[in-house]
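Take a look at the structure below.
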Amino acid sequence: AGGDSKTQFLKLMEEVGELSQAILKRDDAEFYDAVGDCVVVLTNIVELYEIERISEARFRNTIEGCVNSAYQVISQRTGKMDNGTFVKDND
């Protein structure tokens with residue numbers, strides 16, 4: 001425990017590296033563990049960021065709020081899949 005949003009971001013990069021290794025190795029157990037670890041660290045980042053900025057924040061957010069906010073934007077995007085990657089239409 002402890003740290004701040006910056007140190008937690010570094011931890012997230014470490015976890016993403018582990019996720020990348022699991023994908024490359026096709027290690028199912030490590031894949032699910034790494035995804036879970038990323039979600040936990042992202043949750044910590046949101047909590048710490050909100051605490052650090054509470055005096056400036058107009059509202060408090062949660063990890064669910066962040067996901068919902070991103071979904072609202074992403075769900076409106078148009079584009080196509082190109083070799084397994086979504087390519088947005090130019091607006």
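Computed from a predicted model, the values in this text were never measured in an experiment.
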Just wondering, more than 12 heavy atoms not from Tyr71 lying within 6.0 Å of its OH?
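Atom OH in Tyr71 is not packed in, count stays at 12 or less.
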message: Is it the case that over 12 heavy atoms from other parts of the model lie below 6.0 angstrom from the CZ atom of Arg26?
response: no
(request) Dump the intermediate steps for side chain to side chain donor-acceptor pair (under 3.5 Å) on Asn68 and Gln72, then the final yes or no. (result) CA-CA 6 Å; Asn68 185 51; Gln72 295 304 317; 3.3 Å; yes
Group every Ile, Leu, Val, Met, Phe, Trp and Tyr by side-chain heavy-atom contacts under 4.5 Å, then state whether Tyr32 and Ile23 land in the same group.
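Yes; Ile23 is reachable from Tyr32 via cluster members.
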Self-check item: same_hphob_cluster(Val16, Ile45) at 4.5 Å side-chain heavy-atom cutoff
Solution: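 In one cluster with Val16: Ile45, yes.
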Problem - Short side-chain to backbone donor-acceptor contact, Thr43 and Val39, under 3.5 Å - result: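 A pair under 3.5 Å: yes.
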- Got a donor-acceptor contact below 3.5 angstrom from the Asp4 side chain to the Thr7 backbone? yes
With sequence neighbours left out, the residues meeting salt bridge (charged side-chain N to carboxylate O under 4.0 Å, His left out) with Glu14 are Lys11
- Message: Could you measure the distance from the OG1 atom of Thr78 to the CG atom of Asn90? Nearest 0.5 Å is fine.
- Response: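 Rounded to the nearest 0.5 Å, the OG1-CG separation comes out at 9.5 Å.
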* Asked: What's the spacing between Ile74 CD1 and Lys88 NZ if we round to 0.5 Å?
  ->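 Answer rounded to 0.5 Å: 9.0 Å.
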Side chain to side chain contact (heavy atoms under 4.5 Å, CB included) with Phe31: of Asp33, Asp27, Val35, only one passes, and it is Val35
(message) Exactly one of Leu42, Val46, Val41, Val40 should register a side chain to side chain contact (heavy atoms under 4.5 Å, CB included) with Gln8. Which one does?
(response)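 That would be Val41.
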Heavy-atom closest pair (Phe86 atom, Arg77 atom, distance to 0.1 Å) is CE2-CB, 4.3 Å
Of all heavy-atom pairs linking Glu18 and Ala34, the shortest is C-CB, 4.1 Å
